[in-house]
Every structure is written in C-alpha cells, then in structure tokens.
S.K.: 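One structure, pasted below without further comment.
In what follows, residues are counted from 1 in the order of the sequence shown.
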Amino acid sequence: MKLGSGLKRLAITVAMLGGASGANQGAAVRAVPAEAAFAAVTPWDGTLSVLTYNVKGLPWPIASDRPADLAEIGRRLHEMRRRGTGPQVVVLQEAFTDEARAIGLSAGYRHIVSGPAAGEASDAAMTEADRRFAGDARWWLGETFGSFVSSGLQVLSDHPVIRVRRLVYPRFACAGSDCLANKGALLVTLRLPDGSLVDVLTTHLNSRHSSGAPDARSLQAYRRQAEFLSAFINQWHDPAVPLVAAGDYNVGTAPARGQALIAQVAGWRGAAKFRDALRQVAGRQTERGTPIPASVSAVMHHNADWTLFAPGTNAPLCPVAIRIPFGPDAKGRALSDHIGFTAVFRLAGARC
C-alpha cells in the first residue's frame, strides 16, 4: 500500500472521529444481473487468464483524484471484454472506495466477490511475542483505531464461483498506517467451462516504508501475516486443484521480506513447488534470447506484485504468456502506481 503521509493524515482524522470504521464495504458475493454482462465474453480456449492489479482505490484524504482513473480502468476492461480479449479473472487490491468497487460491475464481470469488510475480525490466538508487539502499538502511526476501510480485495470472474473463504489478518499482525485497512486474503474456487476447478487467491501484505512504522516493526507484522496466510492456504486449498495466488506481496527491495515470504511459500500445500508466473515466463524469454518488455522488467524491479501458482495433483497448470493491459502510456502516465499484468496459463497437457 503506497499511502505515504496520507494515511498519517487519515489516522489523525480517525482519532478526531473517535475511531469510526468504514461502512457499506460492498456485497460479499455478487452475481451481476444478466443485462449487465456481455453475452460474448473472452472465448474459452483451454487457457486461464488472471489479471492482478493494485488499483490505488484510496479514500479521501489520502487521495482526492482517483475516481476518473478508476472509472477508466473499468471502461478499459469493458472494452477488452467486448473485443473478446479481457482477462477471465481479475484480482484487485486497494479497491477501498465505491468507485474502485464498481470496476467489476462497469466491466461486466458475471461474478464479483469481496474480501473481508472493515468490521470483520480475526479470532487467532496471540503468542507472548504478539502481546509484546501489540503492547507497543502507537496511535500516531494509526495502529490503535481499528480498521477504517475494508481489505480492499476483490475477485472478478466470468467463471462460476462455487466456494469462498476469507482471512482477516489479526490486529496484532499489522504495523503503521496499514492497520487502518482490514488486510487479509480472499480465496475462491472457480468452475471452468470444461468442468474442472481452480482456486484463485489474492492478498495484500503489510507495506514497508509507506506504513510509517520502523522497518523492524513492519517486518515483524509482515512475517506474521505471511504465517497466517500459509495456515489459511493449507487449511482451505485442496492440492488436487490448481492454485493461482496473485496479489501485492510488498516484498520490494528488502531481502528479509523476500526470505520470509519464500520460506512460507515453501510450506504451502500443493501438488508441486509454487513458482512465480511472471519470472518463469521472463526466464524462458531470456533463454530464447527474446528481449523482456520494459513493462515486465518494471514489475520485477518493483517486486511487489506476484502471481504464484502450482498445478493440481492431476490438473496441469503452466504459464505461457504475460500481458500488460495496464501500464504507463507513451507519456509515462498510468492509472495506478502499480502495473496491472495478466498471466495466461495453459491447462490441458501443460508442462513447465
């Protein structure tokens, strides 16, 4: 979450309001009316396309100029779907505002699933280390007010959603202004046109510098969130089914964060080792001597947005392409401070 000093202003605002929490965080599961969806969506060709995009749907006073860009994201997805080139599945982070949560509806996705709302809470037990960490919470960092906004997570899908699971990261596993959002994870099981199933997960882990918390404190929160995410996946994901776990993992340039995440991912239940789709496709391009597009290099350099994946026990899954539908234009202007990219996976007969 690149919120900078804006969430510090929000923390003061929340204090003045007595710690009010956000309302109307959006329907948990929403089926779009038939007249709102296109009859012809992206044709099924045996592949699965998943777009991950942190849309910077931040509320006032953090940002005051977002509605137009968020509307444009929905319009572009709408047009891509009209042409039959839209991603079948979209996972959003920082969809906090009404305008951000309207992206799926304006794009015409048939199924819209929201992550944890502002008022939801975790019942996870605290360790002694957690108690010490919670005892050091500071109001001026935004750590003592509770969640002001939702998790900001959404899954948009043209494929039917047959199961939904949500995770709220505990209050003792957040640091700085990130605590004002009810961060967590969202896991859905989709039924594809051939009858097979796939799990799709999205999450948004604690930021580093932009949280305003000291690095050691934000790292501790990050590690605990990664641990809770692992436990959540291992409880609810069936290794017989492929899993695509895409989101804003907020690794950045901090080696300790990368080490913490990789250590946890190594323990996820899967039929095979989890890998990152973007880096796997880029690696194959490098081996062939094909230049890596600048936008793909930018995503890897930013090192926040990952699309991790693993096949199912008897269900292949292999990334075959990366597309960048939401990157900077010719003048360098973008609709968000993140690049939105689509990973395309081959299912039947896929070998990686």
S.K.: Cation-pi check, Arg166 to Phe232: give yes when NZ or CZ is under 6.0 Å from the six-membered ring centre and within 45° of the ring axis, no otherwise.
M.R.: no
S.K.: Does any N or O in the side chain of Asn234 come within less than 3.5 Å of the main-chain N or O of Arg269, such that one atom is a donor and the other an acceptor?
M.R.: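 Confirmed, Asn234 side chain pairs with Arg269 backbone.
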S.K.: Decide side chain to side chain contact (heavy atoms under 4.5 Å, CB included) for Cys174 and Gln225; before the verdict, give the C-alpha distance in whole Å, the side-chain angles of both, and the deciding distance to 0.1 Å.
M.R.: CA-CA 8 Å; Cys174 68; Gln225 288 181 359; 4.2 Å; yes
S.K.: Between Phe309 and Phe345, does the ring centroid distance fall short of 6.0 Å?
M.R.: yes
S.K.: Do you know which two heavy atoms are closest between Leu190 and His159, and how far apart they sit?
M.R.: CD2-O, 4.0 Å
S.K.: Looking at Arg279, I'd like to know if its CZ atom is crowded, meaning that more than 12 non-hydrogen atoms belonging to other residues, nucleotides or ligands lie closer than 6.0 Å.
M.R.: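 Atom CZ in Arg279 is crowded, with more than 12 foreign heavy atoms closer than 6.0 Å.
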S.K.: For the rings on Phe326 and Tyr53, is their centre-to-centre separation under 6.0 Å?
M.R.: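 Ring centroids of Phe326 and Tyr53 are less than 6.0 Å from each other.
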S.K.: Would you call Val55 and Ile103 a side-chain contact if the rule is heavy atoms closer than 4.5 Å?
M.R.: yes
S.K.: What's the verdict on side chain to side chain donor-acceptor pair (under 3.5 Å) for Thr52 and Gln93, showing C-alpha distance, side-chain angles and the deciding distance?
M.R.: CA-CA 8 Å; Thr52 182; Gln93 305 88 46; 3.3 Å; yes
S.K.: Is it true that a side-chain atom of Arg171 and a backbone atom of Ser122 form a donor plus acceptor pair closer than 3.5 Å?
M.R.: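 A pair under 3.5 Å: no.
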S.K.: Does Asn314, at its CG atom, have more than 12 non-hydrogen atoms belonging to other residues, nucleotides or ligands within less than 6.0 Å?
M.R.: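 Not more than 12 within 6.0 Å, no.
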S.K.: Is the Lys NZ or Arg CZ of Arg101 less than 6.0 Å from the centre of Phe96's six-membered ring, within 45° of the axis?
M.R.: no
S.K.: Do Ser207 side-chain atoms and Ser210 backbone N/O form a donor-acceptor pair below 3.5 Å?
M.R.: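 No; judged by distance alone, with no hydrogens or angles, the pair does not exist.
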S.K.: What distance separates Leu105 CG from Ile112 CD1, expressed to the nearest 0.5 Å?
M.R.: 5.5 Å
S.K.: Among Arg75, Arg333, Arg76, Lys56, exactly one meets salt bridge (charged side-chain N to carboxylate O under 4.0 Å, His left out) together with Asp69. Which residue is that?
M.R.: Arg333
S.K.: Please assess Gln285 against Thr290 for the test side chain to side chain donor-acceptor pair (under 3.5 Å), listing each intermediate value before the final yes or no.
M.R.: CA-CA 5 Å; Gln285 289 179 321; Thr290 304; over 6 Å; no
S.K.: Is the closest side-chain donor-acceptor distance between Ser218 and Asn206 under 3.5 Å?
M.R.: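 Side-chain D/A pair, Ser218 to Asn206: absent.
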